[in-house]
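One structure below.
Proteins come first, then strands; the chains are lettered A, B, ... in the order of their sequence lines, and each starts at number 1.
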Amino acid sequence: MSAAPDHRPTFADVSLAERLDKAMPFLLIPILVVLGFFAIGAPSSWLTLTVSGLAMGMMIFIMASGLTLVFGLMDVINFGHGAFVSVGAFVGVSVLIAFGDWTGATSLLLNMSAVFLAVVAAMTVTGALGWVFERVIVKPVYGAHLKQILVTVGGLIVIEQLIHVIWGPDEIFINRPEMLKGAITFAGAAMEKYRLLAVGVGAVLFIVMRMILRRTKIGLIVRAGVENGPMVEALGYRLRMVFVGVFIAGSALAGLGGVMWGLYQEVITAGMGERMMVLVFIVAIIGGLGSVEGAFIGALLVGLLQNYVAFLEPKLALVSNIALMTAILMWRPQGMLPVVKAK
Amino acid sequence: MIVRLISGDTPRSPILTALLVLILTCLAGAPFIFEGVRALDTAARICIFILLVASYDLLLGYTGIVSFAHTMFFGIGAYGVALASTHMGRGFDALLVGSVSGALAAIVLALLIGLFSLRVRAIFFAMITLAVASAVAVLVSQFSNITGGEDGLTYKIPRVLTSANRMGEVMGVKFTGKILNYYLIFVCSLVLFLTLLRIVNSPFGRVLQAIRENDFRAEAIGYRVVWYRTAATCLSAATAALAGSLFAIWLRYVGPDTTLSFEIMLDILLMVVIGGMGTMYGAVLGAVLFVLAQTYLQNLMGAASHATEALPLIPELVDPDRWLMWLGILFVLSVYFFPTGIVGRLRRQRAT
């Protein structure tokens, strides 16, 4: 019996540059915030813009998280995701209008219950719709990107038109609940209450989502499925069920995002989801398809940059996102935190 | 001679041949066969959309790339003519300069987007084109001092091409400049369409089809897939821009809604898929059907909506404004059940 081979573990010295490279995506947000501070100059307007940028980013993240996970898990790209945003907004707003007494009252409890009911209704409807959508539209075209894109675009058109059939062709204006109107002044900067709420909800959701993905068994299966689907199936898990679950959850989150975005804009149209899709795609791409953390960072970057640029040079606001996407893709062609490996 | 003109790509189905001949005859004789301004306008639209859809088919049907920026290229061509006509005054030189610079701009932009996104993954392309196209649409409506914003631009085209130019009667029809304009568009569309047909039936076109079927294998055989995909993108963008220029010459007006909106992109997708992906003739059938439906189906639906007024929900479902929904359903069904579209169906009928 020969002796065990020499085993000399080597501790490679990770250079600062390498560490920085790894942490860079996470550092981008603070860097952008600081840059924004110097570019804008006035601390109070900077604070206002940062809060609204974060609020916008959080809402985009809520809409994008489902899309990016669905892609990571099953290699399904859903161009109809925006339809859930619109449907969520319309359902939620209908509920809010139905509970007009509650939203009109100056009681925080009644206001929040109305919003809560609206959110629950919207998420239930969009979740169910997501399930139907997966069954009818997406399931027959697994594994064929071209057909997926075409079919889901078709689904988007049909759902958008059905919204017109049900709620009529005009946009609906909506008032925020009484207690969420107005702004708080802090250090000379006015911050809308609703935006603060959006930041809070988004942050909580991100943390919950991360906890589920990192700490629970189901999260483990989802992450493993993104990394190596066939292996997870070989171990006896029915990835399809997990996928349907993620699809439903993602659709419900899109619905939540729709309600929040509708209240943010105070007007909803059937085409709003379609327009949001542009931002959602940008976020999913720069974050790295399949990565929830990447989508989070991407969404905050997009939100902040758009608000800063809109303040400094209003006409370039939407182009700033394209510029950001270009820059990030030049730096990391697979997105900031790529998860799905060369599929 | 005819077989050479269509690059040896015969319709391969008697019904399809008959339909194509019928369409060609109707379009060639449109001013004399049909009466009224609306019919001529529909015919011109059909010519332009056949070209536009055929150029999109080069990308989607032949190369297997989904782009959402095709209306952007269409719009670039249209705005090229509009801007040139506004700043250079009416004249054929303005039309020429506008068309050529529009096409060049489209090529450059397509090259940039292509090199950027096609390297990584083909699926990025769909998303990135969507983002870029929407950004361009927003830019056009914001820089209103150049582009006229939401109102668009109205400009003058050479007097020879307007209805003010009367050239006597031909076969009992007053031959005006408007009809001359129609023939300009008809001939340009026909020539460009035949060029596209030539391209897809060339060795280059075969490589594109190989990439569509199996890009990995095409790469392994030794074709540079990225290069071919980018070239296809550029060609299709340039043709789309030229179609846009023709559209601008015909309408004498450009605006974001008529040239850049996402709705037109959806229309193009529907036309390609319903007509048949991967054959140029599919573009012809798809565009003809769609434009006719767009123009005349809405009346029919209006009548249906009127007739079912007493019933619940149905009147709203068949409301003329909801015709896009029915097309959407048709679109999804055709992707599932007739992935080869009308042309594929007709051809298979003969084979069995």
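Taking every heavy atom of both residues into account, B:V332 and A:G155 meet most closely at CG2-N, 3.9 Å. Shortest non-hydrogen contact noted between B:A135 and A:I322 is CB-CG1, 3.6 Å. Shortest non-hydrogen contact noted between A:L150 and B:F331 is O-CE2, 2.9 Å.
Only the side chain of A:V141 comes within less than 4.5 Å of a heavy atom in chain B; its backbone stays farther off. With a 4.5 Å cut-off on non-hydrogen atoms, A:I137 touches chain B through its backbone and its side chain both. In this structure, chain B has heavy atoms under 4.5 Å from both the backbone and the side chain of A:T326. With a 4.5 angstrom heavy-atom cutoff, A:E274 touches chain B only via side-chain atoms.
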Check: Please walk me through it: do B:M127 and A:F79 pass side-chain contact (heavy atoms from CB on, under 4.5 Å)?
Finding: CA-CA 9 Å; B:M127 300 194 232; A:F79 271 72; 4.2 Å; yes

Please step through side-chain contact (heavy atoms from CB on, under 4.5 Å) for the pair B:M325 and A:L162, ending with a clear verdict. CA-CA 7 Å; B:M325 179 179 77; A:L162 280 176; 3.7 Å; yes

Next on the checklist: B:I128 vs A:L329, test: side-chain contact (heavy atoms from CB on, under 4.5 Å). Steps then yes/no.
Outcome noted: CA-CA 11 Å; B:I128 288 176; A:L329 286 182; 3.7 Å; yes

Please lay out, stage by stage, how B:F68 and A:V278 fare under the test side-chain contact (heavy atoms from CB on, under 4.5 Å).
CA-CA 11 Å; B:F68 287 100; A:V278 174; over 6 Å; no

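Annotation: side chain of A:Q161 is not in contact with side chain of B:I329 (no heavy-atom distance under 4.5 Å).
Listed options B:L266, B:V273, B:L270, B:L269 were ranked by heavy-atom pairs under 4.5 angstrom with chain A; first place goes to B:L266.
More than 12 heavy atoms of other residues, nucleotides or ligands lie within 6.0 Å of CH2 in A:W167, so this atom counts as buried by the packing criterion. Heavy atoms from other residues, nucleotides or ligands lying under 6.0 Å from CZ of B:R224 number 12 at most. No more than 12 heavy atoms of other residues, nucleotides or ligands lie within 6.0 Å of OH in B:Y223, so this atom counts as exposed by the packing criterion.
Although no hydrogens or angles enter the test, the distance criterion places no donor-acceptor pair under 3.5 Å between the side chain of B:Y336 and the main chain of A:V151.
Of the candidates B:L60, B:V335, B:V66, B:V66 is the only one forming a side chain to side chain contact (heavy atoms under 4.5 Å, CB included) with A:I149.
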